[in-house]
Amino acid sequence: MASIKALLFVVSLLPSQGMAKEGLDQEIEINEGLIAISMADTIRTSCPEILARFIEAFIFLKSLESQARALGYDGSEIKAFINDTDEKDRVLSLAQARLTTIGALPYQPATYCTVGLAEIQTGSAIGKLLKAK
């Protein structure tokens with residue numbers, strides 16, 4: 001009887017077809033992950049001393065996709081969201097604003113290096129996607 005109750009509990013946590021989805025642009029965890037990826041990419045393209053950890057970034061992106069699926073989004077919705085130019089611009093704008101807040105100044109590559117190395121040192125979500133040369 002306990003295993004049946006446990007199974008029913010787990011099933012109740014799964015999203016149903018009738019659940020209202022907010023839209024991927026409103027899913028906080030997914031957006032935060034995309035912003036972290038964008039911040040890491042901006043750092044590595046702005047700082048010649050830092051490289052991307054492409055495998056980790058791919059795994060992280062796949063985990064975000066899995067989260068979206070668990071929330072009830074299908075592959076076509078996820079693909080449309082990821083490929084949407086306006087969404088890419090929105091995420092990049094948020095990433096750049098956050099980078100500025102933590103000390104990375106546009107057109108000053110050394111500041112991106114300082115921020116990137118600090119992120120690597122602390123092991124943040126951004127730092128885990130980067131490595132120093």
Side-chain angles (χ1 to χ4, degrees):
M1 187 62 151
S3 62
I4 292 174
K5 286 182 181 178
L7 178 61
L8 290 174
F9 175 73
V10 170
V11 169
S12 73
L13 295 177
L14 297 174
S16 69
Q17 292 291 60
M19 277 181 99
K21 297 181 286 189
E22 296 183 36
L24 282 164
D25 63 330
Q26 299 299 309
E27 301 293 348
I28 295 171
E29 282 189 52
I30 291 170
N31 278 270
E32 289 300 318
L34 293 173
I35 293 166
I37 289 170
S38 185
M39 290 173 74
D41 188 53
T42 301
I43 289 168
R44 72 132 185 129
T45 58
S46 300
C47 175
E49 299 168 23
I50 294 179
L51 300 171
R53 292 181 179 266
F54 288 110
I55 294 172
E56 286 81 353
F58 178 77
I59 292 168
F60 186 50
L61 189 57
K62 284 300 191 182
S63 75
L64 295 176
E65 181 182 342
S66 292
Q67 282 182 303
R69 287 184 186 278
L71 291 169
Y73 297 94
D74 65 32
S76 62
E77 290 172 303
I78 295 167
K79 186 176 180 178
F81 177 72
I82 289 173
N83 292 327
D84 184 273
T85 303
D86 291 336
E87 286 302 324
K88 287 180 183 180
D89 291 344
R90 180 185 67 83
V91 169
L92 181 58
S93 177
L94 291 168
Q96 289 174 330
R98 289 187 187 180
L99 284 168
T100 300
T101 300
I102 59 175
L105 304 174
Y107 310 109
Q108 294 183 24
T111 62
Y112 286 88
C113 295
T114 301
V115 168
L117 293 172
E119 294 294 323
I120 293 167
Q121 184 70 28
T122 61
S124 70
I126 299 159
K128 289 177 183 177
L129 304 173
L130 301 169
K131 63 182 174 183
K133 281 188 178 177

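Only heavy atoms go into these numbers, but all of them, side chains included; no hydrogens, no water, no symmetry mates.
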Indicate the atoms forming the closest heavy-atom contact of Ala52 with Arg44, along with that distance. CB-CD, 3.5 Å

Test item: Asn31 and Gln26 side chains (from C-beta on) under 4.5 Å apart, heavy atoms: no

Please round to the nearest 0.5 Å and tell me the distance separating atom CD of Gln108 and atom SG of Cys47. 13.0 Å

Just how far is it from atom CD of Glu119 to atom CG of Leu99, taken to the nearest 0.5 Å? 8.5 Å

Between Tyr73 and Glu65, is the side-chain hydrogen bond (donor to acceptor under 3.5 Å, both in side chains) condition met? List the steps. CA-CA 9 Å; Tyr73 297 94; Glu65 181 182 342; over 6 Å; no

What one should report as the nearest heavy-atom pair of Ala95 and Met39 is CB-CG, 3.5 Å

Between the side chain of Ser63 and the main-chain N/O of Phe60, is any donor-acceptor distance below 3.5 Å? yes

How close do Thr111 and Gly103 get, heavy atom to heavy atom, and via which atoms? CB-O, 3.3 Å

Restricting to non-hydrogen atoms, name the atom on Ala68 and the atom on Leu24 that form the minimum distance, rounded to 0.1 Å. CB-CD2, 3.8 Å

Please say yes or no: joined through hydrophobic side-chain contacts below 4.5 Å, possibly via intermediate residues, are Ile43 and Leu61 part of one cluster? yes

Verify, without hydrogens or angle tests, whether Glu87 (side chain) and Asp84 (backbone) share a donor-acceptor contact under 3.5 angstrom. no

Walk me through whether Leu92 and Asp41 qualify under side-chain contact (heavy atoms from CB on, under 4.5 Å). CA-CA 10 Å; Leu92 181 58; Asp41 188 53; over 6 Å; no

Inter-residue atom distance Lys88.NZ - Phe81.CZ, 0.5 Å rounding: 11.5 Å

Is the backbone of Asp89 close enough, under 3.5 Å, to the side chain of Ser93 for a donor and an acceptor to pair up by distance? no

For a side-chain contact (heavy atoms from CB on, under 4.5 Å) check, start with the C-alpha distance between Ile30 and Asp25, then their side-chain angles and the critical distance, and finish with the verdict. CA-CA 8 Å; Ile30 291 170; Asp25 63 330; over 6 Å; no

Can you tell me how far OG1 of Thr122 sits from CG of Leu117, rounded to the nearest 0.5 angstrom? 11.0 Å

CD-CG distance between Gln67 and Leu64, expressed to the nearest 0.5 angstrom: 5.5 Å

Could you tell me whether the side chain of Ile78 reaches within less than 4.5 Å of the side chain of Ile82, counting heavy atoms only? yes

If we ignore hydrogens and angles and just use 3.5 Å, is the side chain of Thr114 paired with the main-chain N or O of Ala110 as donor and acceptor? yes

Checking Ile28 against Glu32 for the side-chain contact (heavy atoms from CB on, under 4.5 Å) test, could you report, in this order, the C-alpha distance in whole Å, the side-chain angles of both residues, the deciding distance, and whether it holds? CA-CA 6 Å; Ile28 295 171; Glu32 289 300 318; 4.1 Å; yes

Shortest non-hydrogen contact between Ser46 and Thr42, atoms and distance: OG-O, 2.8 Å

CD1/Ile50 to OH/Tyr112 distance, rounded to the nearest 0.5 angstrom? 12.0 Å

Using every non-hydrogen atom in the two residues, find where Arg53 and Lys128 come nearest and quote the distance to one decimal. CD-O, 3.2 Å

Quick one: does Leu129's side chain get under 4.5 Å of Phe58's, heavy atoms only? no

Are more than 12 heavy atoms from other residues, nucleotides or ligands located less than 6.0 Å from atom CD of Glu29? no

Do you reckon Leu94 sits in the same ILVMFWY cluster as Ile102, going by side-chain contacts under 4.5 Å, direct or chained? yes

Between Leu51 and Leu130, does a side-chain contact (heavy atoms from CB on, under 4.5 Å) hold up when you go through it step by step? CA-CA 6 Å; Leu51 300 171; Leu130 301 169; over 6 Å; no

